[in-house]
Each structure stands twice: as C-alpha cells, then as structure tokens.
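Below you'll find the structure, written out as structure tokens, and then a few comments.
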Amino acid sequence: MSSERWIPIESNPTVMNSFLRKLGVSEDWEVNDVFGLEEELLTMLPQPVLALLMLFPITEKYVEYAKELIEKNEGATISKKVFYMKQTISNACGTVA
C-alpha cells in the first residue's frame, strides 16, 4: 500500500448520502448498509439495487482464499459489470466508494 494517505471519509450511509447530496445527486439514489449476502438480508434493501460496494481488508487469509477460488473457477465467465479495484492509498476506501 502506498505511503500516501487521504483524509478519511466515514463509510456509513448517513455520511455517504450527505456527501452525495452535496455533489448534486438526486434523493432518488441512496447508500444503504448491507447486513449480509444471504437472500433474506438482501431483500431488506430498497429496490432496485444498482451496485454493491464491498470494503474489506485484504489479509493473507483472503489472498489464499482468492487463489483457491480462481483455481476452482478457472474458465468461468465473469460478468463485465463486475469491477474490482484494490485500494493502494491508505484511508481512500470511503472516497472511492
């Protein structure tokens, strides 16, 4: 990770929605917490859902798990709508989100 640091923006819906309004984004769009990826938890989200942002630390355990998934799913088709970005600047996750 880069030694460069950004001023952190808290990654919670209230702060993110306030930031969106200041950018001129309509109140038709909002950020919500996701409490899990199980179907019954996902149904709690306002519809339609246009994006899912997952912010989490990349640990050694995650790297090993990712390698296993890549090997297991070799040749699988991945939607072009999926976007992955690795954070390289400390504290940038809220801003990037």
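Below, all heavy atoms of this structure are taken into account, side chains as well, without hydrogens, waters or symmetry copies.
- Linking Ile, Leu, Val, Met, Phe, Trp and Tyr whenever their side-chain heavy atoms come within less than 4.5 Å leaves Ile58 and Ile70 in two separate clusters.
- The two residues Val31 and Pro13 come nearest to each other via the heavy atoms O-CB, 3.3 Å.
- For the salt bridge (charged side-chain N to carboxylate O under 4.0 Å, His left out) condition, the pairs that include at least one residue of residues 58-71, sequence neighbours left out, are Glu64-Lys67.
- Between Trp29 and Leu50 there is a side-chain heavy-atom pair separated by less than 4.5 Å.
- Thr43 places a side-chain N or O within 3.5 Å of a backbone atom of Glu40 that can act as its donor or acceptor partner.
- Put simply, Val49 and Met44 are part of two different groups of oily side chains (I, L, V, M, F, W, Y) that touch within less than 4.5 Å, one to the next.
- Separating the CG atom in Leu52 from the CG atom in Leu45 is a distance of 8.5 Å, to the nearest 0.5 Å.
- Between Leu53 and Met16 there is no side-chain heavy-atom pair separated by less than 4.5 Å.
- Leu37 and Phe35 sit in two unconnected hydrophobic clusters of ILVMFWY residues. Membership requires side-chain heavy atoms under 4.5 Å apart, directly or through other members.
- With hydrogens and angles ignored, the 3.5 Å screen pairs no side-chain donor or acceptor of Glu30 with any backbone N or O of Asp28.
- For Thr77, the side-chain contact (heavy atoms from CB on, under 4.5 Å) test picks out no residue, with sequence neighbours left out.
- There is a path of hydrophobic side-chain contacts, each under 4.5 Å, that joins Leu23 to Val15.
- Atom-to-atom distance recorded for Ile78:CD1 and Lys80:NZ is 10.0 Å, nearest 0.5 angstrom.
- Under the 4.5 Å side-chain heavy-atom criterion for grouping Ile, Leu, Val, Met, Phe, Trp and Tyr, Tyr65 is not connected to Val63 through any hydrophobic cluster.
- In this structure, CG on Asn12 lies 11.5 Å from CG on Asn32, to the nearest 0.5 angstrom.
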